[in-house]
Amino acid sequence: MKKPLQALLLLLTSSLFGIVHAQVQMNSKFDTPYGNNTAVGKFVELNGAKIYYEEYGKGEPLLLIHGNSGSIETMGNQIAYFKSKYRVIALDSRGQGKSELKTDSLTFVQMTKDTEALVNHLKLDSISIIGWSDGGIVGLQMGISGKSKIKKIIAMGANLRPDSTAIYSWAAKYVQNFRKLIISKIKEKDTSENWNLLKQLTGLLAYQPNIAAKDLSKIKAKVLVIAGDRDVIRNEHTVEIFENIPKAQLCIMPGETHFAPASSPEVFNAIANKFLSEPFKRPDSDFTKWDK
């Protein structure tokens, strides 16, 4: 458990995603040191950077992809729940957790290539994905690219673009103000934090992704588009994503936020498990079609 002073420092120095995770993770305790488990943790060099991942359980592969400034640890509630049901593979995305950065401009395109390269490295014939925030974006981009065979994708709190039609203005304003602080610290040659890394991570939030809604039609996997009803992502944007994916279901979690996988893991995991374990259905309420 982080001490109050450590939590305060995280509040002052982390990016948008990391800020709330600093608070959420204070209440998370696991018997297994997810994200720092020397018994199962491995590094593999992918696209010029050492990427760290951990595996748990047996069965069909389930890939977990965390959000901005997160790590394997932030998906601990999902690992603990799903490792008895699947072969869970969780990675630290480039520049986060234990994975190397090795770039001057981090992009979702690069993170997607890294994740696809890990799938190839592990020789996974078919996977399902739970992606949270940035991880949800990577999951959707993997579905669009079609380079990995994907059965199902759960995209939690994902967005297609960084403008005010997709995210709330208060979030965009926070990110821009934080980037100003980061840039000033870099100019001052301050060494109290890894400001270059934070600049790149907040760049993901401020200027990316840039996915055309029409490209979602390329996704062949079944997709659960999910968000909290008080998410960082606008509800109407979550619906837009859902409407543009051929085989998709929509879940707006009542009374939940962008951070539901950690703040309300019982609810989130139950919804995710139902989608993953049951046959995909998209029934139609139009009763005029029933006899045709």
Side-chain angles (χ1 to χ4, degrees), residues 14-24 65-70 74-75 93 106-109 111-112 129-144 153-180 201-219 221-265 267-268 271-272 275 282:
S14 295
S15 68
L16 177 63
F17 191 90
I19 281 178
V20 181
H21 267 290
Q23 299 172 353
V24 171
I65 313 174
H66 64 77
N68 194 295
S69 299
T74 55
M75 302 290 287
S93 294
L106 186 61
T107 66
F108 282 111
V109 172
M111 293 163 65
T112 299
I129 297 171
I130 297 179
W132 179 5
S133 194
D134 283 16
I137 295 168
V138 170
L140 292 177
Q141 289 197 154
M142 289 177 69
I144 291 169
I153 301 170
I154 297 174
M156 167 66 198
N159 58 299
L160 304 179
R161 50 188 180 270
D163 63 26
S164 60
T165 67
I167 63 173
Y168 288 104
S169 57
W170 61 263
K173 183 177 180 180
Y174 174 85
V175 171
Q176 291 297 342
N177 287 339
F178 190 67
R179 281 184 60 79
K180 290 179 182 178
L201 290 175
T202 54
L204 291 173
L205 299 171
Y207 306 118
Q208 302 176 53
N210 294 286
I211 302 171
K214 65 180 181 180
D215 285 344
L216 295 174
S217 65
K218 300 175 183 178
I219 299 177
K222 285 80 172 179
V223 182
L224 175 61
V225 181
I226 183 170
D229 60 7
R230 299 301 295 171
D231 210 288
V232 174
I233 311 303
R234 291 182 178 275
N235 289 335
E236 55 268 35
H237 185 61
T238 299
V239 173
E240 178 188 356
I241 295 172
F242 159 72
E243 293 286 6
N244 281 279
I245 298 175
K247 296 179 181 179
Q249 293 179 351
L250 173 67
C251 178
I252 303 292
M253 299 174 68
E256 298 295 347
T257 70
H258 190 68
F259 307 96
S263 60
S264 296
V267 177
F268 178 84
I271 293 170
F275 178 75
R282 197 174 184 184

Check: When you measure from the side chain of Trp132 to the backbone N and O of His258, does any donor-acceptor pair fall under 3.5 Å?
Finding: yes
Margin query: Measuring only between side-chain heavy atoms, which start at C-beta, is Ile241 closer than 4.5 Å to Ile233?
Written below: no
Check: Are any side-chain N or O atoms of Gln208 and backbone N or O atoms of Phe108, one a donor and one an acceptor, separated by less than 3.5 Å?
Finding: yes
Next item on the list: Using a 4.5 Å cut-off on heavy atoms from C-beta on, say whether the side chain of Asp134 contacts that of Ile65.
Entry: no
Next item on the list: For Arg161, look at atom CZ and say whether over 12 heavy atoms of other residues, nucleotides or ligands are found less than 6.0 Å away.
Entry: yes
Check: Does any non-hydrogen side-chain atom of Tyr168 lie less than 4.5 Å from one of Val232?
Finding: no
Checklist line | Trace of the side chain to side chain contact (heavy atoms under 4.5 Å, CB included) decision for Ile129 with Val138 | finding: CA-CA 10 Å; Ile129 297 171; Val138 170; over 6 Å; no
Notebook entry, point to check: For Arg282 and Pro246, which heavy atoms make the closest approach, and how far apart are they?
Noted result: NH1-O, 3.0 Å
Next item on the list: Report yes if some heavy atom in the side chain of Ser93 is under 4.5 Å from a heavy atom in the side chain of His66; otherwise report no.
Entry: yes
Note to self: Checking Arg234 against Thr165 for the side chain to side chain contact (heavy atoms under 4.5 Å, CB included) test, could you report, in this order, the C-alpha distance in whole Å, the side-chain angles of both residues, the deciding distance, and whether it holds?
What the structure shows: CA-CA 7 Å; Arg234 291 182 178 275; Thr165 67; 5.8 Å; no
Check: What pair of heavy atoms forms the shortest contact from Val109 to Gln141, and how long is it?
Finding: N-NE2, 3.9 Å
Item checked: Nearest atoms (heavy-atom pairs only) where Pro162 meets Pro209 -> CD-O, 3.1 Å
Checklist line | Minimum heavy-atom distance between Ile252 and Gly228, given as atom pair plus value | finding: CG2-C, 4.3 Å
Next item on the list: Starting at CD1 of Ile219, measure out to CG of Leu140 and round the result to the nearest 0.5 Å.
Entry: 5.0 Å
Check: Do the side chains of Glu240 and Val225 get nearer than 4.5 Å, heavy atoms only?
Finding: no
Notebook entry, point to check: Once you round to the nearest 0.5 Å, how far does CG of Asp231 lie from OG of Ser133?
Noted result: 8.0 Å
Notebook entry, point to check: Which heavy-atom pair separates Phe242 from Ala248 by the least distance, and what is that distance?
Noted result: CE1-O, 3.3 Å
Checklist line | Within-4.5 Å side-chain heavy-atom neighbours: Ile271 and Ile226 | finding: yes
Notebook entry, point to check: If you measure from CD on Gln176 to CG on Leu205, what distance do you get to the nearest 0.5 Å?
Noted result: 10.0 Å
Checklist line | Minimal non-hydrogen separation, Ala155 against Gly136, with atom names | finding: CB-O, 4.0 Å
Note to self: Working note: Thr107 + Thr112, criterion side chain to side chain contact (heavy atoms under 4.5 Å, CB included); need CA distance, chi angles, decisive distance, verdict.
What the structure shows: CA-CA 9 Å; Thr107 66; Thr112 299; over 6 Å; no
Note to self: Nearest 0.5 angstrom please: Asn210 CG to Asp215 CG, how far?
What the structure shows: 11.5 Å
Notebook entry, point to check: Short question: side chain of Asp229, backbone of Gly255 - any donor-acceptor pair under 3.5 Å?
Noted result: yes
Margin query: Among Ile154, Ile153, Ile130, exactly one meets side-chain contact (heavy atoms from CB on, under 4.5 Å) together with Phe275. Which residue is that?
Written below: Ile154
Next item on the list: Flag the pair Leu160 / Leu216 as yes when at least one side-chain heavy-atom distance between them is below 4.5 Å, and no otherwise.
Entry: yes
Check: For the atom pair CG (Asn159) and CD1 (Ile211), what is the distance rounded to the nearest 0.5 Å?
Finding: 8.0 Å
